[in-house]
Trainee: 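Dropping a structure here in structure tokens format, bear with me for questions.
Numbering starts at 1 and runs along the sequence shown. Computed from heavy atoms alone, side chains included, the values below leave out hydrogens, waters and symmetry copies.
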Amino acid sequence: MVKKKKRRKNKKNKIILFIIILLLVSSVLISTKYLLSNTNITANKINMFLASNTNEVPLYTLNEEEGTLDEGIKVVRGKEITTTDKYIEISSEKYYPLTINNINYYVKEDNLVEKEEDIVKENTMYVRTPTSILKDTSTSEILSLADKGDSLEIVGYDSLDEEGNVITYTIKVDDKIGYIYGKYLVDTEEESLKTYNEQYDEIYKSISNPYGGGDASELDYYPTEKVSFADNVMPESVYALYLNCGSNVINNIDAYIEFAKDTEINAFVVDIKDNESPAFPAKTFETLSPTNYEYAINSYDSYKNAITKLKEAGFYVIGRITVFKDSYYVKDNPSTAISSIATGSPYLHNKSYWPSAYDRNVWYFNVSLAKEAVEEFGFNEINFDYVRFPDRMQSVESSVDLHNTYNEDKTQAIQRFVRYATDELHKLNVYVSIDVFGETTNGTYTTAYGQYWPAISNVADVISGMPYPDHFSDGYYGISKPWNNPYKLMNMWGQFAMDRQKETPTPAKVRTWIQAYDVLNYVDANGIDYGADEVEDEIRGLYDAGLRGGYITWLSNSSLEKYQTQKKAFQIDYMKEYRDEDNNSG
């Protein structure tokens, strides 16, 4: 009997223990469900911002049966939302409720901040594309270079785009504050060191460097978004006359307008600054190059009057600036000049002084001038010429100092200037075109002066070659006296340009300078005069090769009388003709 009672007692204890365990489990489940639903508790509403160290914030949906959160949607960071001071807790993580499009979601506590300045949570970023670090975002003065693979300490940001990406980060550099565009940064060092595309890598590795211009494979070919400004529409095909800034031209602008209106000319390229020819007394000159200011050719009002008339007449107006050939700027800023190692003095090359293309102060000066001209006169586009180092310098290069502060190849410095200029001018909704020598369409080597077509085309809006027929030697492309065969020369050159365009992921538009002057006597005393037929032949050579972005006439004296002799060539709408031919052949 004792044993039987003991067995009954043990059985009773087990039942009691089971009931206790059941009650505890039920209590936990009830408690969990209560924390998850939280529907019967009055909550205080709180306005917060969605924050993250990437451009998007993950939101979750509640699975009440499982007591878990499932993946929901991703929302662009920076969005202001309303949540409550009540939360659910899962795996020691707090999640707060919010509603988007009438659907209930939860967001992790770490992704909520009270202040807009805390939305961006990145601490370190890495440089994918070499670019300038700015001293400030208003003047665009340059602090230093951010090179590929560099690690940057993030301390703030200015604003986000529609996709939640940072436009400009605030960074700390050697105890100084600087600014850098977010589009050139990535999250990891590994990603920053990658090259864009193996297909292009093989091309660039095959490019030789016999003249010291640079290693093509060390340039940046990451795709560049090509802009289109709704309030500043670039003609599909630009037919442009060049005007220098001489007072005889600027004060006679009505005659050029009257001439152009009887043609298909839809644009003008007007000098803002040529070497020793500053167009007007710019504030940038007054501050950074007083000699350019002193020798300004036109008054501010007369220059403004001319540009305003061109704009009001409906023309697309392009301002031209020579960059790295500027004797006046060197006079005022000798430390920026390519200089003699022996004397330390600026080096005179072909009767001119050249600011070094490595010097960021020179970059800032020219881009500041461009921005001023856009803001004051309303240019649609800025054309930069002499974006290069001096040519024909190989024999003396060992005796000059180029002031290569960042140990860059020439091709790197040129591409990086183009990137800097394009970034800064795009803020003003204007386009950037870059002039390059005709030689740059070669597909085998980088040039001695640092221009490499695919690298420049990848960044700029427009690339403008200068394949003047009388600049080519006899027999070039197998053409006898190419200066007397403008169609053949331009067509062959254009085919090579088209090949270079295929060697970069986001090529610029091609708009080509054409020879509008007669063959120079020192080239050939029996060279032909360039009238309407010769100009038309040049243009058709380009269009037949597939280059249909337009043309610009190079006539240094901008003689209206000479343009009159070529008028018939300017009265043709080439783009329309070729479009009609393409449609008919289709």
Side-chain angles (χ1 to χ4, degrees), residues 129-131 183-184 196-197 200 203-204 207 216 219-229 232-240 267 269 316 318-321 323 366-367 370 379-388 411-443 446-447 450-467 490 493-514 542-543 545-552 575:
T129 296
T131 188
K183 61 185 175 182
Y184 299 129
Y196 168 62
N197 191 311
Y200 296 108
I203 294 172
Y204 305 137
I207 302 298
L219 298 164
D220 185 79
Y221 304 98
Y222 197 86
T224 302
E225 182 182 358
K226 301 302 184 183
V227 298
S228 179
F229 301 115
N232 180 17
V233 178
M234 182 190 300
E236 180 182 11
S237 201
V238 169
Y239 311 141
V269 175
Y316 182 83
I318 304 164
R320 175 177 173 266
I321 295 176
V323 182
N366 283 279
V367 170
F379 284 103
N380 301 96
E381 176 180 317
I382 295 296
N383 169 252
F384 291 107
D385 197 0
Y386 286 86
V387 183
R388 60 180 177 85
T411 49
Q412 288 177 321
I414 295 306
Q415 186 190 43
R416 292 168 185 180
F417 167 76
V418 175
R419 178 172 291 113
Y420 165 70
T422 303
D423 281 339
E424 299 313 308
L425 286 163
H426 280 178
K427 293 177 184 177
L428 302 180
N429 285 16
V430 296
Y431 305 98
V432 171
S433 54
I434 305 294
D435 294 343
V436 297
F437 273 160
E439 179 192 8
T440 58
T441 56
N442 76 79
T446 56
T447 64
Q451 290 180 341
Y452 182 57
W453 182 290
I456 294 172
S457 180
N458 193 48
V459 179
D461 300 308
V462 179
I463 188 167
S464 294
M466 300 179 288
M490 288 300 217
W493 180 88
Q495 292 178 47
F496 278 91
M498 288 291 289
D499 289 341
R500 301 293 78 74
Q501 288 288 89
K502 297 172 185 176
E503 295 174 355
T504 194
T506 46
K509 293 183 178 181
V510 181
R511 182 194 309 142
T512 309
W513 288 90
I514 62 172
L542 295 170
Y543 276 70
L547 301 181
R548 300 181 182 178
Y551 63 83
I552 314 167
M575 191 66 200

Trainee: Could you tell me how the ring of Y200 sits relative to the ring of Y196: parallel (under 30°), tilted (30 to 60°) or perpendicular (over 60°)?
Mentor: parallel
Trainee: Where is the tightest heavy-atom contact between F379 and G319, given as atom of each residue plus distance?
Mentor: CD2-N, 3.3 Å
Trainee: From L542 CG over to M490 CE, what is the distance, rounded to the nearest 0.5 angstrom?
Mentor: 5.0 Å
Trainee: Using modelled atom types only, decide if a donor and an acceptor are shared between the side chain of D461 and the backbone of V432 within a distance under 3.5 Å.
Mentor: yes
Trainee: Got a sec, which residues hit side chain to side chain contact (heavy atoms under 4.5 Å, CB included) with P507, two or more places apart in sequence or on another chain?
Mentor: S457, Q501, T504
Trainee: Can you tell me how far OH of Y420 sits from OG1 of T422, rounded to the nearest 0.5 angstrom?
Mentor: 11.5 Å
Trainee: Minimum heavy-atom separation for M575 and Y239, please, with both atom names.
Mentor: N-OH, 2.8 Å
Trainee: Just verifying a value: how many Å separate R416 CZ and L219 CG, rounded to the nearest 0.5 Å?
Mentor: 8.0 Å
Trainee: Mark yes or no: R419 above the aromatic ring of Y184, with NZ or CZ under 6.0 Å from the six-membered ring centre and no more than 45 degrees from the axis.
Mentor: yes
Trainee: Before giving the answer on side chain to side chain contact (heavy atoms under 4.5 Å, CB included), spell out for Y204 and T446 the whole-Å C-alpha distance, their side-chain angles and the decisive distance to 0.1 Å.
Mentor: CA-CA 10 Å; Y204 305 137; T446 56; over 6 Å; no
Trainee: Examine Y431 together with H426 and report whether their ring centres are nearer than 6.0 Å.
Mentor: no
Trainee: Are a donor atom and an acceptor atom from the side chains of T506 and E225 found within less than 3.5 Å of each other?
Mentor: no
Trainee: Do Y316 and V269 touch side chain to side chain, with heavy atoms closer than 4.5 Å?
Mentor: no
Trainee: Does the Q451 side chain pair with the main chain of D435, one donor and one acceptor, at a distance under 3.5 Å?
Mentor: yes
Trainee: Go through the side-chain N and O atoms of T441 and W493 and say whether any donor and acceptor fall under 3.5 Å apart.
Mentor: yes
Trainee: Answer whether the closest heavy-atom distance between the side chains of E381 and L425 falls below 4.5 Å.
Mentor: no
Trainee: Could you measure the distance from the CZ atom of R511 to the CD1 atom of I434? Nearest 0.5 Å is fine.
Mentor: 11.5 Å
Trainee: Check whether any side-chain N or O of Q415 sits under 3.5 Å from a backbone N or O of D220 as a donor-acceptor pair, and report yes or no.
Mentor: yes
Trainee: Do V436 and I463 come within less than 4.5 Å of each other through their side chains, counting heavy atoms only?
Mentor: yes
Trainee: Give the C-alpha distance, both sets of side-chain angles, the deciding distance and a yes or no for side chain to side chain contact (heavy atoms under 4.5 Å, CB included) between M234 and V462.
Mentor: CA-CA 11 Å; M234 182 190 300; V462 179; 3.8 Å; yes
Trainee: Working to the nearest 0.5 Å, report the span between CD1 of I382 and OG of S433.
Mentor: 8.5 Å
Trainee: Quick one: are I414 and I456 in side-chain contact, heavy atoms under 4.5 Å?
Mentor: yes
Trainee: Taking atom types as modelled, find out whether N429 and N232 have a side-chain donor-acceptor pair closer than 3.5 angstrom.
Mentor: no
Trainee: Do I552 and T512 pass the side chain to side chain contact (heavy atoms under 4.5 Å, CB included) test, and can you show the C-alpha distance, the side-chain angles, and the key distance before you say yes or no?
Mentor: CA-CA 6 Å; I552 314 167; T512 309; over 6 Å; no
Trainee: Would you indicate whether the side-chain heavy atoms of I321 and D385 approach each other to under 4.5 Å?
Mentor: no
Trainee: Quick check: does any side chain N or O of R548 sit under 3.5 Å from a backbone N or O of Y543, one acting as donor and the other as acceptor?
Mentor: yes
Trainee: Side chains of F229 and V430: does their closest heavy-atom pair fall under 4.5 Å?
Mentor: no
Trainee: Is the backbone of N458 close enough, under 3.5 Å, to the side chain of K226 for a donor and an acceptor to pair up by distance?
Mentor: yes
Trainee: Can you find a heavy atom in the side chain of N442 that is under 4.5 Å from one in the side chain of F437?
Mentor: no
Trainee: Run the salt bridge (Lys or Arg N to Asp or Glu O under 4.0 Å) check on D423 and K183 step by step: do they pass?
Mentor: CA-CA 11 Å; D423 281 339; K183 61 185 175 182; 2.9 Å; yes
Trainee: Begin from the C-alpha positions of N197 and Y222 and carry the test side chain to side chain contact (heavy atoms under 4.5 Å, CB included) through to its verdict.
Mentor: CA-CA 8 Å; N197 191 311; Y222 197 86; over 6 Å; no
Trainee: Indicate the atoms forming the closest heavy-atom contact of G494 with L547, along with that distance.
Mentor: CA-CD1, 3.6 Å
Trainee: Can you check whether F417 reaches V323 side chain to side chain, under 4.5 Å on heavy atoms?
Mentor: yes
Trainee: Identify the two heavy atoms, one from I207 and one from G443, that lie closest to each other, and give their separation to 0.1 Å.
Mentor: CD1-O, 3.3 Å
